[in-house]
Asks: 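Below is one structure. I have some questions about it.
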2 protein chains.
Amino acid sequence: MESISNTEENYLKAIFKICETDDRAASTNAIAQEMQTSAASVSDMLKRLAKKQLIHYEKWKGVTLTDTGSQLATNLVRKHRLWEVFLKEKLQFTWDEVHEIAEQLEHIRSPKLIERLDQFLGHPKFDPHGDPIPDADGNFSYRKQIPLSSLKPGETGVIVGVQEHSPTFLQYLDRMKLVLGTRVRVMEQFEYDESVRLRVNDAQEILVSNKVSQNLFVEKAPPSSK
Amino acid sequence: MESISNTEENYLKAIFKICETDDRAASTNAIAQEMQTSAASVSDMLKRLAKKQLIHYEKWKGVTLTDTGSQLATNLVRKHRLWEVFLKEKLQFTWDEVHEIAEQLEHIRSPKLIERLDQFLGHPKFDPHGDPIPDADGNFSYRKQIPLSSLKPGETGVIVGVQEHSPTFLQYLDRMKLVLGTRVRVMEQFEYDESVRLRVNDAQEILVSNKVSQNLFVEKAPPSSK
DNA sequence: ATTTATTTTTAGATTAATCTAAACTTTAGT
DNA sequence: ACTAAAGTTTAGATTAATCTAAAAATAAAT
Ligand SMILES: [Mn+2]
Ligand SMILES: [Mn+2]
Ligand SMILES: [Mn+2]
Ligand SMILES: [Mn+2]
């Protein structure tokens with residue numbers, strides 16, 4: 001049983017992410033972009049991952065994860081997101097700070113540690129960005145979330161996640177008080193630039209751009225009683 | 001400003017440990033043994049550490065840490081021991097389990113993380129093995145500890161640390177209820193094999209070998225009032 | 001159907017970290 | 001003082017991971 005390096009783990013995670021969002025084989029270029037490296041380096045690594053039976057790889061065809069590869073990637077996602085919860089809930093980090101540190105913590109190898117951490121955190125189902133945390137068997141919780149941009153005027157939703165994870169976006173959301181759990185009602189939609197006027201938590205109103213409303217996920221809610 | 005690899009960090013820690021206990025330049029062989037590697041590998045690495053100005057190195061002479069090297073090593077010790085406290089106090093790991101995981105966690109790079117962790121743990125001064133945790137400035141708490149084997153019959157001490165850190169020794173101590181904070185009075189000392197009979201917490205009596213009493217540190221206590 | 005552009009792979013080099021075997025220096029024993 | 005032993009360094013190879021430049025395959029455009 002060969003052991004797997006941090007770098008290999010990062011490649012698996014990248015492939016997992018690409019296949020998950022686009023739902024097809026990951027191309028060399030896509031992986032190179034995700035990993036911030038050259039296509040040549042990716043080609044090299046793909047050979048190694050294929051030899052270890054972690055990916056299905058045929059030259060010129062792109063790659064998908066094998067079952068073992070997929071399990072490893074899912075476990076990495078689990079670790080990453082649990083650490084993010086830890087950093088936010090126990091160490092008072094903000095949601096724009098946690099990702100970078102979790103990128104390191106996710107590589108700590110100790111199954112017992114991660115199960116204890118999960119228990120310590122109360123078996124959270126979602127991370128600070130609203131992303132689902134797979135359980136020990138690799139099962140994700142699903143949720144019927146839609147982009148805020150798809151709500152029609154008069155409709156209400158609760159913010160449950162973000163599409164984009166950049167610190168600048170998350171900091172913007174903090175400033176606007178558009179955090180997870182916030183209730184937003186679409187008051188008006190401007191055709192011109194597709195910006196929307198929102199009522200936040202049945203209180204103040206703000207205007208957000210289309211870019212913002214496309215990157216926020218909400219769970220549709222029945223109209224507020226008031 | 002060159003960055004430092006995990007491997008380099010481990011070498012610094014090894015050198016720190018050797019210089020600390022023996023209080024003289026660390027020899028290539030000593031480092032090789034501590035790092036579980038060959039003397040040749042150590043020689044290679046010493047050149048690199050010297051080039052980075054982390055050690056004072058002259059061929060055939062052995063090495064000592066420079067100020068920056070020493071600072072880095074101390075910070076590693078700080079991180080290692082804080083993580084050990086976390087694992088024991090928050091995640092209910094036993095003191096024989098924490099070291100191995102802390103060996104990984106100590107390499108996480110985030111000054112903010114470690115300060116938050118320190119705060120979360122209530123600024124502990126000692127780790128689960130009774131070893132002092134340096135503060136953010138690198139200052140250690142000292143304590144007048146002596147080996148249990150140096151107590152004379154009739155004298156009493158409180159267990160505050162261990163000399164040896166092997167899981168088997170720590171598990172033995174758990175079994176014997178000789179954990180940190182335990183009060184032990186030397187009842188009788190056998191000249192033949194230098195084993196001692198102890199009264200534990202003013203209650204039951206047990207016999208421990210010389211090897212055990214040499215590897216346990218106690219703080220001398222005034223005789224119990226009873 | 002050719003040509004052009006894009007994508008992917010190979011070739012050849014580089015760096016960190018390691019190894020074994022051989023050479024060299026220092027220390028210890030007679 | 002000389003020789004043997006122990007300790008340390010160099011020489012030469014290897015492996016993971018990366019890079020740039022060049023070649024090859026695929027896709028797109030005329
Ligand atoms: Mn993240
Ligand atoms: Mn996240
Ligand atoms: Mn330890
Ligand atoms: Mn310790």
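Chain naming here is simple, since letters A, B, ... match the order of the sequence lines and numbering starts at 1 in each.
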Asks: Can you list the residues that meet the ring pair (Phe, Tyr, Trp, His ring centres under 6.0 Å) rule with B:His99, with sequence neighbours excluded?
Replies: B:His80
Asks: Relative to A:Phe126, does A:Arg143 satisfy both conditions: NZ or CZ under 6.0 angstrom from the six-membered ring centre, and within 45 degrees of the ring's axis?
Replies: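 Geometry flag: set, cation within 6.0 Å and 45°.
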Asks: Using atom CD of A:Glu58 as one end and atom C1' of C:dT9 as the other, report the distance to the nearest whole Å.
Replies: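 Checked: the CD to C1' distance equals 15 Å.
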Asks: C:dT10 phosphate, OP1 or OP2: any side-chain N/O from A:Lys47 under 4.0 angstrom?
Replies: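 True: A:Lys47 side-chain N/O within range (under 4.0 Å) of C:dT10 OP1/OP2.
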Asks: So, does B:Asp137 use its side chain to make a donor-acceptor pair with the main chain of B:Asn139 at under 3.5 Å?
Replies: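 Pair absent, no side-chain N/O of B:Asp137 close to backbone of B:Asn139.
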Asks: Distances for protein N/O vs nucleotides 24-26 of chain C N/O pairs under 3.5 angstrom?
Replies:
none

Asks: Under the salt bridge (Lys or Arg N to Asp or Glu O under 4.0 Å) rule, what pairs show up with a residue in residues 68-90 of chain B, not counting sequence neighbours?
Replies: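 Salt bridge (Lys or Arg N to Asp or Glu O under 4.0 Å) check on residues 68-90 of chain B returns B:Arg78-B:Glu115, B:Arg78-B:Asp118, B:Arg81-B:Asp127.
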Asks: If I take atom CE in residue B:Met35 and atom P in nucleotide C:dT18, what distance separates them, rounded to the nearest angstrom?
Replies: 6 Å
Asks: Applying side chain to side chain contact (heavy atoms under 4.5 Å, CB included), can you list everything that pairs with A:Thr168, at least two apart in sequence or on another chain?
Replies: A:Ser166
Asks: How large an angle, rounded to 10°, do the end axes of the helix from C:dA1-D:dT30 to C:dT30-D:dA1 enclose when each is built from five base pairs?
Replies: 10°
Asks: For A:His56, give me all partners under ring pair (Phe, Tyr, Trp, His ring centres under 6.0 Å), at least two apart in sequence or on another chain.
Replies: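 Here no residue qualifies.
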Asks: Table please: side-chain donor-acceptor pairs of residues 169-176 of chain B below 3.5 Å, with sequence neighbours left out.
Replies:
| unit_1 | atom_1 | unit_2 | atom_2 | d |
| --- | --- | --- | --- | --- |
| B:Gln171 | NE2 | B:Asp96 | OD2 | 2.7 |
| B:Asp174 | OD1 | B:Trp95 | NE1 | 3.4 |
| B:Asp174 | OD2 | B:Trp95 | NE1 | 3.3 |

Asks: Looking at DNA chain D, which of residues 12-34 of chain B put a heavy atom within less than 4.0 Å of it?
Replies: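 By residue number: B:Ser27, B:Thr28, B:Asn29.
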Asks: Using the ring pair (Phe, Tyr, Trp, His ring centres under 6.0 Å) criterion, which residues pair with B:His107? Sequence neighbours excluded.
Replies: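 Per chain and number, B:His107 pairs via ring pair (Phe, Tyr, Trp, His ring centres under 6.0 Å) with no residue.
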Asks: Quick one: is A:Tyr57 getting a side-chain N or O under 4.0 Å of the C:dT9 phosphate, OP1 or OP2?
Replies: yes
Asks: A:Ser43 side chain to A:Ala40 main-chain N or O, any donor-acceptor pair under 3.5 Å?
Replies: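 Pair absent, no side-chain N/O of A:Ser43 close to backbone of A:Ala40.
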Asks: A:Ser41 side chain N/O closer than 4.0 Å to the phosphate oxygens (OP1, OP2) of D:dT18?
Replies: no
Asks: Just by distance, no angles: are the side chains of A:Asp193 and A:Ser195 close enough, under 3.5 Å, to form a donor-acceptor pair?
Replies: yes
Asks: With sequence neighbours left out, what residues match A:Leu46 under side chain to side chain contact (heavy atoms under 4.5 Å, CB included)?
Replies: A:Ile15, A:Thr28, A:Ile31, A:Val42, A:Ile55, A:Tyr57, A:Val63
Asks: Rounded to the nearest angstrom, tell me the gap between atom CG in A:Leu49 and atom P in C:dT9.
Replies: 13 Å
Asks: With sequence neighbours excluded, give me every salt bridge (Lys or Arg N to Asp or Glu O under 4.0 Å) pair touching residues 3-16 of chain B.
Replies: B:Glu8-B:Lys52, B:Glu9-B:Arg109, B:Lys13-B:Glu103, B:Lys13-B:Glu106
Asks: Is there a donor-acceptor pair closer than 3.5 Å between any side-chain N or O of B:Thr66 and the backbone N or O of B:Leu54?
Replies: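 Confirmed, B:Thr66 side chain pairs with B:Leu54 backbone.
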Asks: Protein within reach of the bases, or only the backbone? For nucleotides 11-17 of chain D, mark each nucleotide 5' to 3' as B, S or -, using heavy atoms under 4.0 Å.
Replies: -----SB
